[in-house]
Structure formats: C-alpha cells, structure tokens
Amino acid sequence: MKLSFSKQDEQFRAEVAAWLQANLCGEYETIRWRGGPGDEHMYVEERKAWERKLHEGGWTCIGWPEAHGGRGASIEQQVIFNEEYARAGGPGRIGHIGETLAGPTIIAFGSDQQQQRFLPGILRGEEFWCQGYSEPSAGSDLANVKTRASFDSDTQQWKISGQKVWTSLAHESQYCFVIARTDPDSVGHKGLGFFLLAMDQAGVDVRPIEQLTGTSEFNEVFFDEARCGANDIVGLPGDGWKVAMGLLGFERGVSTLGQQMLFQNELNEIVALAKRNGAARDPALRARIADAHMGLRIMRYNSMRMLSGGVDDGALQKSAMIYKLYWASWHRNLGKLAMDVLGDESEILEAAPYQLGRLQSMYLFTRSDTIYGGTNQIQRNIIAERALGMPREPRG
Amino acid sequence: MEFTFSDDQRVYQQSLAAMLAKEVAPETIRGRWSTASGFDPGSWQQLVDMGLTAMLIPEDLGGLGLNEVDFVLLAEECGKVALPEPLVDSALVASQLLVDLVRCNSDFASRGTELLQQVAAGTVQVAAGHMINPYLNFAAEADWLLLGHGEEVHLVARDQLQLQAQKSLDPSRRLYRVAWTPSAASRLVDGQQGAQLWRIALNRGALGCAAQLLGLAQAMLQQAVKYSSDREQFGRAIGSNQAVKHLLADCAVRIEFAKAVVYRAAYTTSVGPARADCAVSHAKVAAADAALLCARNCTQVHGAMGYTWECDLHIWAKRSWALDKAWGDNGFHKNRIHEWLLNPRALLGAEYTFGASNRAFDISTEPLTAETSS
C-alpha cells in the first residue's frame, strides 16, 4: 500500500495546473465554477467552446487509449486531472456523456467503422451525446423498454419509434445512444439493440421537461420512424442489454471522480459560507459539516481503492453497485445542509421570476439524486439480492 | 498510488482467520464469561505462536518489523470473531509505546529491549492505560503497565498497583480501575515527551478499535443474512421482503465504505502516527457507525430471538457498544475533525486527500505546508 503520487504524477499535476491557469481565463472567466449540478443550463455555448479549447490542449478524453486519440492516461493521472480541473473552477463538462459513456462503449463494443466515425467528434469537443435509456414504462424496470427498431430492407436502414424520457441534454446533443427492441416478440432484456442515432432529423422530437428548479436540463424525446444506418447498431440485434450494461460499468468508473470534485467545490462553498455567516459556531451544524466532509472523503478513498484494484473481497464493489446509493444520499443531505447553513436566507430568491442562488439550485437539484439512475430503494434491493445473496422477491 | 494489500498481507490474514475460526467460537467465548480471568491462555499462546505479539516490534528490538498496514486486516479478523483477549491493544498500543520509549529514553533502552523481547516471545504481557479510557481492559493479565501521571509515562509492575474490578456491559471484557503511586523510579519520560507519546498511543488505540469494529460489523451482518434467509413467515423467507432487505443493504454499504477509511488510517499511522489524528478519527467514526447500525438492524432482523441471551448476536453487539466508547467516543473524534475542518487555515481541496492533508490534519504540532508526505 502506498497512498501518494509519484514524481512523474506530480509533474503531470503541474502541467495540468499550468495549462488551466493559462487558458481558463479571459473569455472563459465567466464560466469558471459554472455548469455544475442544477446549473447545467447555463452558458451552454461558452461551455461548448470550452470543450474545443480543452481539445486543443489535448485535455479531452485523456483516459482513452492513444490509438483512439486519447492520452492513455493512468488512473492516477485522471484523478489528478479531475482534481486540478475542479480546483481551477473548470466549468461542468458538457461533453461528459460522450467522453465517459458513449466513447468508452464504442471503443469496447463498437466496430472499426463506428470508432472512426464517432470518436473524433467526441474527442474534438464538437459532437455531444445523450442517453436514450428510460421510458415512461421503463424506469426502475429498464428492461421493459417499448421503443421498437425494425430494419427496413428497402432503405437498408433501421426505423426507430417510441418515447424516451428524462433525457439529459438531448436538446444540446447531436447523437443519442438508444436501447430499442429489435425483436417485437421479445420481453425483458432479450431482443434489444443498442443504436447510435443522429438527433438532427425529422423523426426526432425533443420536448423539454420543466424541473423543480424552473429550468430544463432533461427532456422527453419522441421517435417517429427515426432513421438509423444499418452500420449504426453496436453489436448484433439482441446484444443491446449486454452493451447497455457494459456502459453502466463505465458510468461507475473514473467518471465518479469528476463528480466528486464538483461535490468538493460545493462543500467548500458551504464551509466558507458557514465561516462567514456564523453558522460554523453552531455545534449542531459543525457536526453535520464534519459528517459531510467525512462522507465525501469516504467516497473518494473508496473510488481510489476500487480503481487501483484494491477491492478484492466480495461482489459488492466489483460492480460498484453500492456507490450510487451512497453518493445520492450524501448529496441529498448536502443540499439540506446548504439550506440550513443559509438559514433564513435560504428562502429568498435572487430575482424574479424564479432566479435561484447556486446553493438553492443545488438543494432543489439534489431532490432528484435519490431517484434518477436507479432509486435508493431499487439499489437496496439489488445490493441485498446480488451482493448479500438474500432470497429473491417473488416477481410478477 | 497503490491502495491494495500485498499477497503476504492477505495470506497472513487468512491464516489468522482459519486459526480463530477453530479456536474462538461463540461457545468458547461464553465459556470465558463464567471464569474469573475471562482470559484463555491457550488461545493467547496460539496468537503468540503465529507471531502476533512480535510482528509490530522492530527487528532491531527483537520483533518482525511489520507495520500498521500489515496489522489492520488482522485486527479486523479479531473483531470478526469477537476475540475477548486484548491482542489488539497489546500489540498495537502497549508494545508500540514501549518501542517509542526505548527510542526516546536511552537509560531505558536495555531494560525496554529486554521487555520487548519477552513481549514478542509471549512470556510477558504489557498493558497501556491511557487517560482517555477510565477503565483498563484485562489489566489483571498484565505483568507490567504503562500508565500516565499527568503526561508523564510510568512503567509499573502489576504487584505495585491496586486493581478494582468493574463489570462490563460486554461479559467478555474484564475492566479495572487502576490505583497506583508514581515515583521517580517508575517515570520513563517527562510530561513534554509523554504528551506526544500518549497522543500517538491514542491514534493507535483508536485505529485498532476501528479495525475491530469493522470486523464486528461484518460478522453481525453475516448472521442476519443467514437468519433472514432461513427463517420463514407467510410461507417464505423473511429476507425476501424489501423492508428486511433494505435494513441489511444499508449495513452492507456502511461496512464496505468504512473499509477504505480504516485502511487509509492504517497507512497514515504507519507513515506518521503523530500526523494521523484526522485520518484515525475519521476511521473510528466510520467504523463505529457501521458497527452500531449493524447491531441495531441485525437485532431487528432477528426479531424476538435477537433480544435473547441465547442468540449469539449480542456477543458482537455488546462488543460494538463497548468499543464505540473506547479510545474516544463519537463526539471526541468528530470534534477533532471539525476543529480542523473549520479552522481558518485548513487545507480543504480534494488535492489534499492523501498528500499534504496528512500534515494539515495535525494542526497543533505541524506547520501547514503544501508539501507532499511520503
């Protein structure tokens, strides 16, 4: 066991910090610290430009293999990049779905042709992705997707019809990865396909959903015979579930570290506020601030332990199935802590009609954390049955 | 970065686990409850034979020269079986305090080295009575006791002090109030040196507690999973109900996530025990949280059986409740963390997770620098 970074890693840290200091300024000054959870709708164009700037410096997709245009950065280097990025106030990454989900999935499961066609756009920070998983009748029960894909032998294209929901950033994305049923007679996780679908076409209709915050980060997406090329299915018809689950594995990998950096910035802001407004003198709030700090460190140590291969006991962490439940509950509590540290000011908006302060926005956003990506209740079922081996519940 | 245990460390853990599984069963623990000493010399000898009393003593002082990272998994195993004998306090705290005393008092070097060789060989037992613990567990088994007079450290022979037994909530523990008279002859270091040594001893003691709590928690969860899979009501196992599942899933998450914190604290203690205050306090809080949650939820899952003396679960639950208070309670350790966290000079960024944070944690004795520790 050796819990420190090597000399080379520290040099890498200096390189990242120097690049950010030289580039995250001037026209990009306004987007520092912006675009995090609850703030994703802000400065979208500027943040897209920033993605291209990152690419110029070679800082997009650093964990991808060099053969695919990445740096082949080690886990340590990715950790360091995330740390320095957050420390510098780097804006929320609008390309994160492409970089951390679509890209690694295409690298792992996609054809050469798919890799050549889709990876460069993600790498250059020019093409953005969204995730077409959930449907009105397929939430916790994701395998119940109803969206259909049928192959049209005349046009040699797939035709996709159905509805997705809770689709983050669909309105800013050029592509969507979609799970759809290729075998109309199938049920459950069999008979699904995994499609790479262009959003800019007549058969795709994106309608924003207004959230508790009064803003719209996610959407309903309707497909009405949307077209998808014969070569744009990942794997074979019927492989969709395998690919979709492989992708969720990436979701729980290194990308969690970036999220933790945002959490750290939020906690720092709360600590600074508490010191400023006197809340830090309240013993009950002090204890809760300490709890929040400890919880975040717990997530961090565990991610690092998991990523450095230190977890060799049991199925619990292999699939990282416990992480969602932990961070979601932690972040929900952080939201409440922020409001309590704000005190009476927590109720007062910044401006009409419904302009929230950052912590207010964060508080409202965190009401969704324990729901999206698998509710706390579903996570506990999974942990009990798959990790602890408890008896399965009778299912209808 | 390498957040892993070596094969050797895992093998040592497995062989200890195998030995304890044979030697320390619930029936034999209950057997100790009715004896005066509560101490099983046979089990102790097995631990000595496996090298546990020698492992943390440096090689030049007659031991095996291993460190806290090597030991933490073993302490966890002791917790899993709710080992009554005070191995963890003895090996991790008392003998290490003796080592520190040998290093900082040259007049004591030859006597101390001799004592350490006897400790390593298992022929002598030494206990450390820290001011944070009003009662000393298994004091009657110790031949020599390291005790504080103010911050001074004294070495006192067992027959030079009076022990007053106190019954513990946990029938496996044997607590004593210790009365003694300090003298110039018993004093090994003065208060100034002693303060630092006691502080380090506290970190080691709390780390040992945290590792045992982690083991206790796992053992309780395992029993409740088994019970809820076997016990049927309404024609099916009670564990198939979500309300029962969720109680135990929460335990599993709390345990799994406490592990990295405890292992991290072991590492920090091994590289700088005087700088490990916050790392250790975090570990103690996280592991005690896990064990207390398991004690509560696993009792609940056992239903009325869980409230009986007959059901073995309380062997682990009562130890958890005792160790939660030992070596500083939740309030003490949380205080150490928020005193640091809300200090205006605290270095808070994520970049300090493993590096400079080790220094920043120790706000009273170290300057706050941004250098990286080893």
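As a basis for the values below, the full set of heavy atoms in this structure was taken, side chains included, without hydrogen atoms, waters or symmetry mates. Proteins get letters first, then strands, A, B, ... in listed order; numbering begins at 1 in each. Please read these numbers as outputs of a predicted model, since none were measured by experiment.
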I need the residue from B:R254, B:H282, B:K334 with the largest number of non-hydrogen atom pairs under 4.5 Å to chain A. B:H282
Given the options B:A237, B:A249, B:G331, B:A258, which has more heavy-atom pairs under 4.5 Å with chain A than any of the others? B:A249
Flag yes if more than 12 heavy atoms outside [X] fall under 6.0 Å of its [atom1] atom; otherwise flag no.
X: B:E232; atom1: CD; value: yes
X: B:Q9; atom1: CD; value: yes
X: B:H246; atom1: NE2; value: yes

Report the distance from atom [atom1] of [X] to atom [atom2] of [Y], rounding to the nearest 0.5 Å.
X: A:K275; Y: B:L341; atom1: NZ; atom2: CG; result: 7.0 Å
X: B:E256; Y: A:N302; atom1: CD; atom2: CG; result: 7.0 Å
X: B:C278; Y: A:H293; atom1: SG; atom2: NE2; result: 6.5 Å
X: B:F3; Y: A:K2; atom1: CZ; atom2: NZ; result: 14.0 Å
X: A:S4; Y: B:E2; atom1: OG; atom2: CD; result: 10.0 Å

Please look at [X] and chain B and tell me whether the side chain, the backbone, both or neither of the residue comes under 4.5 angstrom of a heavy atom of that chain.
X: A:A280; answer: both
X: A:E393; answer: both
X: A:N376; answer: neither
X: A:I298; answer: both

For [X] versus [Y], what's the shortest heavy-atom pair and its separation?
X: B:V225; Y: A:L388; value: CG1-O, 3.5 Å
X: B:K245; Y: A:N381; value: CD-O, 4.3 Å
X: B:R264; Y: A:Y301; value: NH1-OH, 2.6 Å
X: B:V285; Y: A:M294; value: CG1-CE, 3.8 Å

Contact winner vs chain B - A:L325, A:I80, A:D291, heavy-atom pairs under 4.5 Å: A:D291
Note: vs chain B, highest number of non-hydrogen pairs under 4.5 angstrom among A:A290, A:A272, A:P283, A:P391 is A:P391
Less than 4.5 Å apart, side chain to side chain, heavy atoms only: is that true for [X] and [Y]?
X: A:R305; Y: B:T4; answer: no
X: B:L248; Y: A:M390; answer: yes
X: A:R380; Y: B:D250; answer: yes

Tell me every residue that passes side-chain hydrogen bond (donor to acceptor under 3.5 Å, both in side chains) with B:S240, counting only those two or more places apart in sequence or in another chain. B:R236
Ignoring hydrogens and geometry, is there a side-chain-to-backbone donor-acceptor pair from B:Y267 to A:M1 under 3.5 Å? no
Partner residues of A:R358 under the salt bridge (Lys or Arg N to Asp or Glu O under 4.0 Å) criterion, sequence neighbours left out: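 By the salt bridge (Lys or Arg N to Asp or Glu O under 4.0 Å) rule, A:R358 matches A:E269.
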Okay, B:I238 and chain A: the region with an atom under 4.5 Å from a heavy atom over there is neither
Can you tell me which portion of B:S6 sits under 4.5 Å from chain A's heavy atoms? Options are side chain, backbone, both or neither. neither
Quick check: under 4.5 Å, non-hydrogen atoms only, which of residues 64-73 of chain B neighbour chain A?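 Within residues 64-73 of chain B, the residues under 4.5 Å from chain A are B:V69.
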Not counting sequence neighbours, which residues clear ring pair (Phe, Tyr, Trp, His ring centres under 6.0 Å) with A:W330? List them please.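 Once residues adjacent in sequence are excluded, the partners of A:W330 under the ring pair (Phe, Tyr, Trp, His ring centres under 6.0 Å) criterion are A:F263.
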Is there a salt bridge (charged side-chain N to carboxylate O under 4.0 Å, His left out) between A:R286 and B:E339? Walk through the geometry before answering. CA-CA 9 Å; A:R286 286 177 78 89; B:E339 285 300 322; 3.3 Å; yes
